Amino acid sequence: MKPFQIFNTLSRTVEEFRPLNPPNVTLYSCGPTVYLPQHLGNMRAFLFVDVLKRALRLAGYRVRHAMNITDVGHMTSDEDAGEDKVERTARAEGKSPREVADYYTELFLHDIDLLRIERPDVLCRATDHIPDMIRLIQRILDNGYAYVRPSGVYFDVEKWRGPSRMGRLSRQSLDEQMAGQRLEHSPDKKSPHDFALWVLNQPHHLMQWDSPWGRGYPGWHIECSAMSMKYLGATIDIHTGGTDHIPVHHENEIAQSESATGRPFVRYFVHNAFLVEKPGVKISKSAGKFPLLSDLVSAGFHPLAFRLFCFGAKYRSELVFSDEAIAAAQKNFEYFAQFARTLGDSEARAAEDSPWAREYRERFVEALGNDLNTPQALAVALELAAEAYRRGDRHVWNTLTEFDSVLGLDLAGLREAARGAEFPPEVARLIEQRRAARSDRNYKLADELRRRLEELGYEVRDTRDSSSYVPKGV
RNA sequence: GGCGGCGUACCCAAGUGGCUAAGGGAGAGGUCUGCAAAACCUCCAUUCAGCGGUUCGAAUCCGCUCGCCGCCUCCA
C-alpha cells in the first residue's frame with residue numbers, strides 16, 4: 001500500500017507521513033475559543049481534523065488526539081493590551097468567565113456531535129492547566145529565552161531566533177514583518193516581536209493566578225505548548241490549525257516549545273484553508289456576522305449535509321459557502337442514506353462483497369492517502385453506489401461501511417432506523433395495514449394511510465414489492 | 001512594504017506535463033412505477049481569466065497582463 005501523504009507547512013510540500021512511533025500518531029489541534037458560538041468556518045476546521053483522524057485510522061494508524069479549549073488569555077488586540085474576550089462576554093452577559101466558557105464549550109460539543117465529529121481523546125481547558133504553563137515558562141526563563149518586566153514575562157525572540165529559526169513557517173524574516181508598525185507595543189518589550197508568556201499588573205482582569213513573578217494570567221500561545229507536551233510528549237507528530245495561525249500563533253508555539261525542551265516540537269504542521277462567503281471573503285468572528293450550524297438546521301438542512309459539503313473540497317482550498325452547494329451535499333447524503341436503507345438483509349450481512357467492489361476500496365484509500373483528497377474519495381463512494389445499482393448487485397456493504405468509517409454518516413444506523421422492528425407499535429400497525437391495502441389493490445386506503453404515517457413523521461417510499469418508511473429529517 | 005493564495009461548465013469542485021478535463025447539484029430527454037418518491041439510462045466544458053514562451057505534447061512549467069482575496073493585530 002502506498003504511504004499516507006500529507007502537506008507539511010514546514011516544508012511546503014506534500015510529504016510521506018512517517019510518525020515518530022508507528023503505528024501510533026500524536027495529533028494536537030488548536031481548538032475553539034469559547035466566548036462566542038463556533039461558526040461554520042470553525043466547523044470546517046474541526047471537520048478537517050475529524051476526517052484526517054479517520055483517514056489515518058483507515059490507513060492503519062492509531063491516533064491519540066488532544067484539543068484545547070481556550071478560555072483565558074485570548075485578547076481583543078495584542079497580548080498585553082485590550083480585553084480578554086471571555087471576560088468581555090462575561091461582562092456583557094453578567095456572568096462569570098467560567099460560566100461563559102462552560103456555556104460555549106457545551107454549545108461547541110453539541111454542534112460537533114451533530115456533525116458526527118469524534119470527540120478528542122483529550123479535551124483540555126487552558127484554565128485547568130495554569131500550573132503546567134507556569135512550569136513551562138520557568139523552563140524557558142531558566143534556559144535564558146525569556147525575561148521578566150513589570151508588565152509581564154516576555155519571550156525573547158532576538159535571543160532565540162538564531163539562524164532561520166523564527167519565520168520558518170511563515171517564510172517571513174522578522175525584519176520583513178511590520179510588527180510594531182501597525183499597533184502600539186508595550187515599552188517593556190525589548191523587541192516588538194517579543195510576545196507575552198505571562199501578563200502581570202492588569203488589575204481589571206477577572207481571571208488571575210499567582211505565579212513566581214506575581215499575580216497575572218498566561219499569554220495566549222503558551223497553553224498549546226504546555227498542554228500538547230503534557231498529553232502528547234515533547235515532540236508531536238501532527239499539529240493542526242487554520243492557515244491564519246501560521247505566522248504568529250504557531251511560529252510562537254515552536255519558539256517557546258523548542259526553547260524549553262531543546263527538541264523538535266512538531267513533525268508535521270497541517271493547516272486548513274478558510275470557508276468563505278464568496279471568493280476571498282472569509283467568515284470570521286471578528287467580522288461580526290457569521291453563519292452557524294443552527295442557522296443551517298433552521299433553514300431545513302441536515303447537519304451531515306454540511307459535513308459532506310466540506311468534504312466536497314480539499315482542506316487546503318478555500319471553499320465557497322452557498323445554499324445551493326449545501327443543498328447539493330444534502331442530495332448526496334440522502335442518496336447514501338437511501339442506498340443503505342434499501343439493501344436487503346442478505347446483501348448487508350454477506351461476509352464478502354462482490355469482487356468488483358475491491359477496486360473502489362483501493363481508489364478510496366488512495367484518494368485519502370493523497371493529501372486527504374476528500375472530493376475524490378467522495379466521488380469514489382458515490383460511484384460505488386451507482387455501480388451497484390447499475391449492476392443490480394448490491395453486495396458492497398462491507399466496502400460501504402469502511403467508506404463510512406471516514407465519511408461518518410452512520411449509514412448502518414440509518415439503515416437500522418428504517419427497519420420495521422424499530423418502529424413504535426402504532427406506526428408498525430399502520431404500516432401493516434397499508435401493506436395489506438396495497439396487496440388488495442385498495443389504493444384509496446393505502447394513500448390515506450400514507451397521509452397518516454406522514455403526520456406521524458414517516459416518509460413512505462414504495463418499491464414494486466415492498467416499502468420503506470423513513471423518519472422525517474433522516 | 002513583505003509573505004501567500006485564487007481565477008476550471010449555470011453552481012460547488014477534483015485534476016498540476018501525455019488515454020475521451022473526476023464527481024455532485026441544477027437543467028433536458030427517456031425507462032421503471034397504482035400514486036408519490038427513489039433508482040437507472042442518455043445528453044450537458046474541442047476547453048481550463050487573457051496573451052506570449054518552453055515542449056513532440058500544458059488547464060498543469062515559465063513570463064507578462066487583468067481581476068479577486070488572505071496574512072503580517074484577535075481570528076479555523
Side-chain angles (χ1 to χ4, degrees), chain A residues 12 29-33 36 38-49 74-79 81-83 85 167 170-185 220 240-249 251 271-276 278-287 290 308-309 312-332 334-335 338-339 341-342 367 373-383 385-386 388-390 392 438 441-444 446-447 450 454 459-464 467-468 470:
Chain A
R12 303 256 164 160
S29 305
C30 284
T33 48
L36 280 176
Q38 302 303 303
H39 55 65
L40 291 175
N42 299 124
M43 287 303 157
R44 182 191 186 194
F46 300 125
L47 280 166
F48 149 65
V49 176
H74 211 229
M75 311 304 285
T76 52
S77 68
D78 204 3
E79 295 89 353
E83 192 180 5
K85 290 184 173 184
S170 60
R171 293 287 163 95
Q172 296 183 70
S173 76
L174 289 175
D175 303 329
E176 288 166 347
Q177 293 182 25
M178 295 186 79
Q181 289 185 37
R182 288 180 54 180
L183 50 92
E184 299 286 312
H185 66 273
W220 173 45
T240 67
T243 53
D244 52 333
H245 280 154
I246 295 171
V248 175
H249 184 51
E251 203 83 80
H271 294 99
N272 65 278
F274 290 122
L275 178 69
V276 296
K278 55 187 177 183
V281 181
K282 75 163 179 168
I283 292 166
S284 71
K285 282 182 183 165
S286 44
F290 42 81
L308 280 186
F309 164 72
K314 286 200 63 177
Y315 73 95
R316 286 199 287 129
S317 298
E318 264 188 1
L319 173 58
V320 180
F321 177 84
S322 73
D323 281 359
E324 198 180 350
I326 304 285
Q330 177 132 327
K331 289 273 188 184
N332 286 165
E334 284 166 0
Y335 179 84
Q338 180 67 4
F339 180 73
R341 277 193 288 260
T342 55
N373 193 330
T374 52
Q376 216 163 67
L378 190 55
V380 171
L382 287 164
E383 285 170 18
Y389 279 124
R390 204 171 296 128
R438 286 187 77 214
R441 307 183 73 80
N442 184 350
Y443 295 122
K444 197 175 172 199
D447 286 350
R450 176 206 294 275
E454 281 175 353
E459 186 184 337
V460 178
R461 296 179 185 174
D462 292 338
T463 59
R464 191 186 313 208
S467 306
S468 63
V470 182

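Order of the sequence lines sets the chain letters (A, B, ...), proteins ahead of strands, with each chain counted from 1. Predicted model, so just to flag it, every value in this text is computed and none were measured.
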Gln38(A) versus Thr33(A), closest heavy-atom pair with distance: NE2-O, 3.1 Å

Atom C1', compared across C12(B) and G7(B): separation rounded to whole Å: 15 Å

Taken to the nearest whole Å, CG/Leu319(A) to C1'/G5(B) is 15 Å

Side-chain donor or acceptor of Asn373(A) under 3.5 Å from a matching atom on the base of G15(B)? no

Out of G34(B), A76(B), C12(B), minimum distance to the side chain of Phe309(A) belongs to C12(B)

Quickly work out the Ile246(A) CD1 to G2(B) P distance and round it to whole Å. 20 Å

What is the nucleic acid contact for Phe48(A), judged by heavy atoms within less than 4.0 Å: base, sugar-phosphate only, or nothing? nothing

Tell me every residue that passes side-chain hydrogen bond (donor to acceptor under 3.5 Å, both in side chains) with Thr240(A), counting only those two or more places apart in sequence or in another chain. Ser29(A)

Select one nucleotide: of A14(B), A76(B), G4(B), the one nearest the side-chain heavy atoms of Arg12(A). G4(B)

When the P atoms of C32(B) and C44(B) are considered, how many whole Å apart are they? 24 Å

Closest approach to the side chain of Ala446(A), judged atom by atom: which nucleotide of G34(B), A13(B), C74(B) is it? G34(B)

Whichever of Tyr443(A) and Arg316(A) has the more 5' nearest nucleotide on RNA chain B, that residue is Arg316(A)

Using a cut-off of 4.0 Å on non-hydrogen atoms, how would the nucleic acid contact of Val49(A) be classed: base, sugar-phosphate, or nothing? nothing

For Phe46(A) against Pro32(A), the heavy-atom pair lying closest together: CZ-N, 3.8 Å

With heavy atoms under 4.0 Å as the rule, sort Arg441(A) into base, sugar-phosphate or nothing. nothing

Got a sec, which residues hit side chain to side chain contact (heavy atoms under 4.5 Å, CB included) with Ala273(A), two or more places apart in sequence or on another chain? Arg44(A)

Determine whether a donor-acceptor pair (N or O, by modelled atom type, separation under 3.5 Å) exists between the side chain of Glu334(A) and the backbone of Ala329(A). no

Rounding to an integer number of angstrom, what distance separates C51(B) and C66(B) when you compare their P atoms? 15 Å

Where Gly41(A) and Leu275(A) come nearest, the two heavy atoms and their spacing: N-CD2, 3.7 Å

Could you check which of C69(B), A13(B), A76(B) has an atom nearest any side-chain atom of Val320(A)? A13(B)

How long is the line joining CZ of Arg461(A) and P of C32(B), in whole Å? 22 Å

Would you classify Ala313(A) as touching base, sugar-phosphate or nothing, given that sugar-phosphate means primed atoms plus P, OP1 and OP2, and contacts are heavy atoms under 4.0 Å? sugar-phosphate

Does the plane of the ring in Tyr315(A) sit parallel, tilted or perpendicular to the ring in Phe48(A)? Use 30° and 60° as the thresholds. parallel

Could you tell me whether Ser317(A) contacts a base, only the sugar-phosphate backbone, or nothing, with contacts defined as non-hydrogen atoms closer than 4.0 Å? sugar-phosphate

Starting from P on A76(B), measure out to CG on Leu275(A) and report it in whole angstrom. 13 Å

When rounded to the nearest Å, what value does the distance between C1' atoms of U8(B) and U47(B) take? 9 Å

Distance between P atoms of A45(B) and G63(B) (Å, rounded): 33 Å

Roughly how far apart, to the nearest Å, are A58(B) and C48(B) at atom P? 12 Å

Pairs counted only when both distances fall under 3.5 Å, Watson-Crick or G-U: show me the 5' to 3' dot-bracket for RNA chain B, [ ] for pseudoknotted crossings and | for other-strand partners. ((((((((.[[[..)..(....]]].(((((.......))))).....[[[[[..)....]]]]])))))))....

Go through A76(B), C40(B), G34(B) for me and flag the one nearest to the Thr33(A) side chain. A76(B)

Should the pair Phe309(A) and Phe321(A) be assigned to parallel (<30°), tilted (30 to 60°) or perpendicular (>60°) ring geometry? perpendicular

In whole angstrom, give the distance that lies between atom NZ of Lys85(A) and atom P of A76(B). 8 Å

Whole angstrom value for the distance that separates C1' of C35(B) from CD of Glu454(A): 12 Å

Please report, rounded to the nearest Å, how far the P atom of A13(B) is from the CD1 atom of Ile326(A). 11 Å

Smallest separation among heavy atoms of Trp220(A) and His245(A), with atom names: CH2-NE2, 3.5 Å

Starting at OH of Tyr315(A) and ending at C1' of A76(B), how long is that distance when rounded to a whole Å? 14 Å

What nucleotide among A39(B), A36(B), A38(B) has an atom nearest to a side-chain atom of Gln338(A)? A38(B)

Please report the distance separating the C1' of U60(B) from the corresponding atom of U54(B), rounded so that it comes out in whole Å. 14 Å

Close N or O pairs between protein and nucleotides 20-24 of chain B (under 3.5 Å):
{"from": "G24(B)", "atom 1": "O3'", "to": "Asn332(A)", "atom 2": "ND2", "distance (Å)": "3.3"}
{"from": "G24(B)", "atom 1": "O2'", "to": "Asn332(A)", "atom 2": "OD1", "distance (Å)": "2.9"}
{"from": "G24(B)", "atom 1": "O2'", "to": "Asn332(A)", "atom 2": "ND2", "distance (Å)": "2.6"}

Rounding to the closest angstrom, what is the interatomic distance between C62(B) and G4(B) at atom P? 14 Å

List for me each residue that meets side-chain hydrogen bond (donor to acceptor under 3.5 Å, both in side chains) alongside Glu383(A), sequence neighbours excluded, and say none if there are none. Arg363(A)

Return the set of residues passing ring pair (Phe, Tyr, Trp, His ring centres under 6.0 Å) with Tyr443(A) (not counting sequence neighbours), or none when no residue passes. none

So which heavy atom on Glu454(A) is nearest to which on Val460(A), and how close? OE2-N, 4.4 Å

